[in-house]
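To start, the structure under review is shown below, and the notes come after it.
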There are 2 protein chains.
Amino acid sequence: MSDTSLAELLRERGLRLTPQRQLILEAVHDLGHSTPEQVHHQVRERAAGVNITTVYRTLELLEELGLVTHTHLSHGSPTYHRVGEHEHVHLVCRSCGTSTGVDPAVVQPVADRLLDTRGFQVDIGHVSFFGLCAECREQS
Amino acid sequence: MSDTSLAELLRERGLRLTPQRQLILEAVHDLGHSTPEQVHHQVRERAAGVNITTVYRTLELLEELGLVTHTHLSHGSPTYHRVGEHEHVHLVCRSCGTSTGVDPAVVQPVADRLLDTRGFQVDIGHVSFFGLCAECREQS
DNA sequence: GTGCCTGCAAACTCTTTGCAATCCT
DNA sequence: AGGATTGCAAAGAGTTTGCAGGCAC
């Protein structure tokens with residue numbers, strides 16, 4: 001069904017449905033959150049010829065279409081994930097690097113307050129918190 | 001006084017106090033939040049010969065010493081700022097790119113809750129929210 | 001004097017761009 | 001057929017590393 005909506009969204013704009021675009025969208029859905037390089041790897045398991053350049057261009061396109069979004073976590077690379085029901089807040093551990101998701105409802109009160117006091121509309125799907133996860137806290 | 005603590009921290013580790021290190025720390029303090037390149041520019045106004053490499057190495061060192069921290073905002077480059085009283089949460093507008101600071105107390109309740117429910121200790125000095133600022137919301 | 005630091009240049013990673021060939025519609 | 005799309009290679013940002021000379025201590 002995501003393929004259907006992809007095809008429709010593309011057609012609306014006079015763009016084309018290609019195997020690469022289907023595979024890349026599928027990879028983002030399957031992987032949860034992932035960097036362009038991780039998406040590339042995943043896609044290559046199915047279709048070896050797909051170029052990293054195409055991954056970048058397609059992720060940008062999918063973002064314009066509103067099918068995926070990206071967030072900047074700790075290091076350099078952005079991570080992409082699907083748009084939709086499963087939006088989440090990232091908890092990124094600065095020690096071990098792992099990233100877990102929590103229900104965005106947790107930050108809703110803060111988002112509401114910032115909208116009231118500052119007029120700033122927080123994008124709840126893009127929130128990341130850095131810090132220390134439970135395991136790493138125990139070790140130190 | 002920050003110079004004093006810099007000197008002490010360095011000496012404790014057998015490291016040396018150099019003009020570059022003083023200038024770079026000062027630049028971070030003066031600039032608020034800034035990228036390595038911005039720090040480099042600021043430092044160069046006082047001492048033209050300082051190399052960008054040194055800026056990178058020194059920022060990393062200052063972070064180890066606990067004098068500065070960095071956050072990843074929207075695009076590629078990280079932004080550094082001093083550690084201390086003036087910690088703040090960043091509100092980054094995805095439309096115009098501006099970044100404003102708010103009192104971290106705003107997210108304290110969320111941080112507390114995440115510590116309770118997940119054991120995750122949020123680093124309040126590193127929080128960034130993406131979204132739309134008041135001005136950009138009006139325009140659309 | 002010792003060895004930490006710096007500057008320079010080159011290497012590296014991640015991402016973008018130009019262009020000709022290819023493929024969707 | 002016709003123009004969007006891809007792959008390849010090269011160019012670009014941003015960052016890191018190696019090494020020889022210089023400087024803090």
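What's counted below: heavy atoms across the whole structure, side chains too, no hydrogens, waters or symmetry copies. Just so it is clear, the model here is predicted, and its values are computed rather than measured. To find a chain, count down the sequence lines: A is the first, B the second, and so on, and within it residues start at 1.
- Phosphate proximity of C:dT6 to B:Arg21: present, with a side-chain N or O under 4.0 Å from OP1 or OP2.
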Please tabulate, one pair per line, each protein N/O and nucleotide N/O from nucleotides 22-25 of chain D that are separated by under 3.5 Å, including the distance.
| unit_1 | atom_1 | unit_2 | atom_2 | d |
| --- | --- | --- | --- | --- |
| D:dA24 | O3' | B:Leu17 | O | 3.4 |
| D:dA24 | N3 | B:Arg16 | NH1 | 3.3 |
| D:dC25 | OP1 | B:Leu17 | N | 3.1 |

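- To the nearest angstrom, P of D:dA4 lies 15 Å from CG of A:Leu65.
- At D:dT6, none of the side-chain N or O atoms of A:Asn51 fall inside 4.0 Å of OP1 or OP2 (strictly under the cut-off).
- No donor-acceptor pair under 3.5 Å is formed between the side chain of B:Arg118 and the backbone N or O of B:Arg113.
- Ring pair A:His90/A:His81 is tilted by interplanar angle, where 30° to 60° counts as tilted.
- Place B:Gly49 and A:Ile52 on DNA chain C by their nearest nucleotides, and B:Gly49 ends up nearer the 5' end.
- In the displayed structure, A:Glu60 atom CD is contacted under 6.0 Å by at most 12 heavy atoms of other residues, nucleotides or ligands.
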Which donor-acceptor pairs under 3.5 Å do side chains of residues 41-49 of chain A form with protein atoms, sequence neighbours excluded?
| unit_1 | atom_1 | unit_2 | atom_2 | d |
| --- | --- | --- | --- | --- |
| A:Arg44 | NE | A:His40 | NE2 | 3.1 |
| A:Arg44 | NE | A:Ala48 | O | 3.4 |
| A:Arg44 | NE | A:Val50 | O | 3.4 |
| A:Arg46 | NH1 | A:Glu26 | OE2 | 3.1 |
| A:Arg46 | NH2 | A:Glu26 | OE2 | 2.5 |

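- A straight line from CZ of B:Arg57 to C1' of C:dG7 spans 8 Å, rounded to a whole angstrom.
- Checking side-chain atoms of B:Gln121 against main-chain N and O of B:Leu115 turns up no donor-acceptor pair under 3.5 Å.
- Protein atom CG of A:Leu61 is 14 Å distant from nucleotide atom P of C:dT16, rounded to whole Å.
- Regarding contacts with the backbone of C:dG7, a side-chain N or O of B:Thr54 is found under 4.0 angstrom from either OP1 or OP2.
- A donor-acceptor pair under 3.5 Å is absent between the side-chain atoms of A:Gln22 and the main chain of A:Leu17, judged by distance alone.
- Per the geometry, CD belonging to B:Gln22 stands 11 Å off P belonging to C:dT6, to the nearest Å.
- Straight-line distance from the NE2 atom of B:His40 to the C1' atom of D:dT15: 13 Å, rounded to whole Å.
- In this structure, the CD atom of A:Gln20 is 11 Å from the P atom of D:dT5, given to the nearest Å.
- Atoms CD (A:Glu63) and C1' (C:dT16) sit 16 Å apart, rounded to a whole Å.
- Taking atom OH of A:Tyr56 as the reference point, atom P of D:dC8 lies 16 Å away to the nearest angstrom.
- In this structure, CG in B:Leu65 is found 9.5 Å from CG in B:Leu25, a value given to the nearest 0.5 Å.
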